[in-house]
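Below is one structure; the comments refer to it alone.
Residue numbers begin at 1 in each chain, while the letters A, B, ... track the order of the sequences. Here the structure is a predicted model, which is why all the values come from computation and not from measurement.
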There are 2 protein chains.
Amino acid sequence: MARLKLQSEEAEQPDRWEAQLRKGALEMAALASLWRGRLYGLEIIRFLEVHSQLVLAEGTIYPILNRLKAEGLLTSEWVEAVAGHPRKYYSLTEPGRQRLRLMAEAWTGFSGGLSRLLEPVLTEKEISQ
Amino acid sequence: MARLKLQSEEAEQPDRWEAQLRKGALEMAALASLWRGRLYGLEIIRFLEVHSQLVLAEGTIYPILNRLKAEGLLTSEWVEAVAGHPRKYYSLTEPGRQRLRLMAEAWTGFSGGLSRLLEPVLTEKEISQ
DNA sequence: CACTATACATTGCTATACGAGGTATGAAGC
DNA sequence: GCTTCATACCTCGTATAGCAATGTATAGTG
């Protein structure tokens with residue numbers, strides 16, 4: 001089974017809004033994780049955990065991968081593992097690469113806008129403008 | 001009335017994923033818009049449109065403001081306008097300021113992680129590590 | 001033959017953005 | 001004094017999406 005974490009001890013609202021920040025960015029992150037080459041499901045989760053700040057559950061990544069695959073942005077292939085359960089490796093298609101480039105640009109703009117907005121908060125000064 | 005925009009002419013999927021990027025960040029943006037002083041509903045929309053890249057509908061901002069108010073992060077007061085409809089001005093409370101600082105820090109971390117992830121895409125090189 | 005680890009998959013719940021439509025106030029035109 | 005228009009606030013319904021929980025399959029270990 002795995003996955004238990006804090007079920008309902010107390011932590012419940014504390015990081016509610018923080019979770020919202022990640023919403024929507026995960027598709028892009030999933031695509032980005034495949035930029036340098038193919039990875040399988042759980043490997044993508046670990047990759048994102050190491051290379052960014054994203055910790056996603058299995059119930060999150062698989063629907064995303066299926067969605068992206070349905071859109072033709074990536075392909076998958078079963079590969080026999082040396083040991084254990086066979087793995088389903090995902091790779092970016094050319095449309096996938098192209099889309100990711102667009103997303104990355106949009107992200108830059110979006111991120112820049114928000115950062116500008118938050119600058120005075122982080123520096124405790126007046127709005128930049 | 002107002003508000004008509006493209007109802008269903010054709011544009012419908014084109015920027016579907018782009019919209020997702022904004023999800024969850026809007027609460028933070030709303031709080032941030034009030035950092036330097038009080039603003040009323042529609043004014044917040046205009047403020048965000050100018051100072052960031054966010055264009056939100058009225059049906060989006062009012063529920064957010066009510067939510068934040070219910071959490072005690074901001075207060076509101078009706079103010080008679082010199083002309084026209086009275087305005088409901090929103091102001092950050094101290095807890096609101098504190099929360100916004102936390103959010104801004106979380107945003108910095110989150111944003112940094114994603115940017116690192118997207119760097120190779122934007123520069124068309126290998127993953128930075 | 002349990003037991004455990006790894007990996008993929010699905011269902012159900014909840015939160016959220018937002019389009020569409022509505023109400024209230026007051027100013028300007030006729 | 002109506003009608004019209006502009007400004008401002010509010011709310012319902014829907015679609016989407018993350019994710020906890022749960023299940024199944026494969027194969028190595030004692």
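- Atom CZ of B/R87 is separated from atom P of D/dA6 by 16 Å (rounded to the nearest Å).
- Side-chain contact between B/L26 and B/I61: absent, with no pair of heavy atoms (C-beta onward) separated by less than 4.5 Å.
- Under 4.0 angstrom from either OP1 or OP2 of C/dA9 there lies no side-chain N or O belonging to A/Y62.
- Atom-to-atom, CD of B/E58 to P of D/dT7 comes out at 11 Å; the value is rounded to the nearest Å.
- Here A/Y89 lies out of heavy-atom contact (under 4.0 Å) with every strand.
- B/G41 and B/L65 make their closest contact through CA-CD1, 4.3 Å (heavy atoms, listed as atom of the first residue, atom of the second, distance).
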Could you tabulate the donor-acceptor pairs under 3.5 Å formed by side-chain atoms of residues 69-84 of chain A, not counting sequence neighbours?
{"residue": "A/K69", "atom": "NZ", "partner": "A/S76", "partner atom": "OG", "Å": "2.7"}
{"residue": "A/E71", "atom": "OE1", "partner": "A/R99", "partner atom": "NH2", "Å": "3.0"}
{"residue": "A/E77", "atom": "OE2", "partner": "A/R38", "partner atom": "NH1", "Å": "2.8"}

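- Using a 4.0 Å cut-off, some side-chain N or O of A/Y40 falls inside it from OP1 or OP2 of C/dA7.
- Atom C1' of nucleotide D/dC19 and atom CG of A/L21 are separated by 16 Å, given to the nearest angstrom.
- With sequence neighbours excluded, the residues forming a side chain to side chain contact (heavy atoms under 4.5 Å, CB included) with A/A29 are A/L48, A/L54, B/L114, B/L117, listed by chain and number.
- Using bins of under 30°, 30° to 60° and over 60° for the plane-to-plane angle, the ring pair A/F110/A/W107 lands in the tilted bin.
- Taking atom CG of residue A/L48 and atom P of nucleotide D/dC19, one finds them 12 Å apart after rounding to whole Å.
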Requested in this report: Check the pair A/L92, A/W35 against side chain to side chain contact (heavy atoms under 4.5 Å, CB included), reporting the backbone distance first and the verdict last.
Outcome: CA-CA 7 Å; A/L92 282 177; A/W35 184 254; 3.9 Å; yes
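- Nucleotide C/dT6 holds its C1' atom 16 Å from the NZ atom of A/K88, rounded to whole Å.
- Atom CD1 in A/I44 sits roughly 18 Å away from atom P in C/dT6 (whole-Å rounding).
- OP1 or OP2 of D/dA8 sits under 4.0 Å from a side-chain N or O of B/R46.
- For A/E105, the side chain to side chain contact (heavy atoms under 4.5 Å, CB included) criterion is met by B/L122, not counting sequence neighbours.
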Query raised in the report: Which nucleotides of nucleotides 25-30 of chain D have their base under 4.0 Å from a protein heavy atom (B), which only their sugar-phosphate (S), and which neither (-), written as one string 5' to 3'?
Result: BSS---
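- The nearest whole Å value for the distance from the CD1 atom in A/I61 to the P atom in C/dA9 is 12 Å.
- Between the CH2 atom of B/W78 and the P atom of D/dT7 there is a distance of 17 Å, given to the nearest Å.
- In the set D/dC9, C/dC8, D/dT11, the nucleotide with an atom closest to the side chain of B/N66 is D/dT11.
- Shortest non-hydrogen contact noted between A/I45 and A/L56 is CG2-O, 3.4 Å.
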Atom pairs under 3.5 Å: protein N/O with N/O of nucleotides 15-18 of chain C:
{"residue": "C/dA17", "atom": "OP1", "partner": "B/G24", "partner atom": "N", "Å": "3.4"}
{"residue": "C/dA17", "atom": "OP2", "partner": "B/R67", "partner atom": "NH2", "Å": "3.0"}
{"residue": "C/dC18", "atom": "OP1", "partner": "B/R22", "partner atom": "NH2", "Å": "2.8"}
{"residue": "C/dC18", "atom": "OP2", "partner": "B/R22", "partner atom": "NH2", "Å": "3.2"}
{"residue": "C/dC18", "atom": "OP2", "partner": "B/T60", "partner atom": "OG1", "Å": "3.3"}

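- For the salt bridge (Lys or Arg N to Asp or Glu O under 4.0 Å) condition, the pairs that include at least one residue of residues 19-29 of chain B, sequence neighbours left out, are B/E27-B/R67.
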